[in-house]
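The structure appears below as structure tokens.
In this chain, residues are counted from 1 in sequence order.
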Amino acid sequence: MEDISGEHTITESIDITGKKPTRLTISDEDISLDSWRKMLISFMEYILAIG
């Protein structure tokens with residue numbers, strides 16, 4: 001199994017099938033995560049806040 005830990009840009013092509021996110025970093029702010037749902041909600045909240 002490939003180790004995909006660490007920092008990745010949004011343009012990288014990596015296989016995340018079966019994986020769960022643990023952190024999202026936006027504008028130097030780290031957001032702890034435990035699911036794809038929480039990642040989507042956190043990202044959308046960020047978009048709403050800057051819009």
Applying side-chain contact (heavy atoms from CB on, under 4.5 Å) to S13 and not counting sequence neighbours gives none
Show me the donor-acceptor pairs, under 3.5 Å and distance only, between side chains in residues 23-30 and residues at least two apart or in other chains.
from : atom 1 : to  : atom 2 : distance (Å)
T25  : OG1    : D30 : OD1    : 2.5
S27  : OG     : Y46 : OH     : 3.0

By side-chain contact (heavy atoms from CB on, under 4.5 Å), L48 pairs with (sequence neighbours left out) none
Determine, using the 4.5 Å side-chain heavy-atom cutoff (strictly less than), whether I41 and F43 are members of one ILVMFWY cluster. no
So the side-chain hydrogen bond (donor to acceptor under 3.5 Å, both in side chains) pairs with at least one residue in residues 31-43 (sequence neighbours excluded) are none
Apply side-chain contact (heavy atoms from CB on, under 4.5 Å) to E7 and list each qualifying residue two or more places apart in sequence or on a separate chain. none
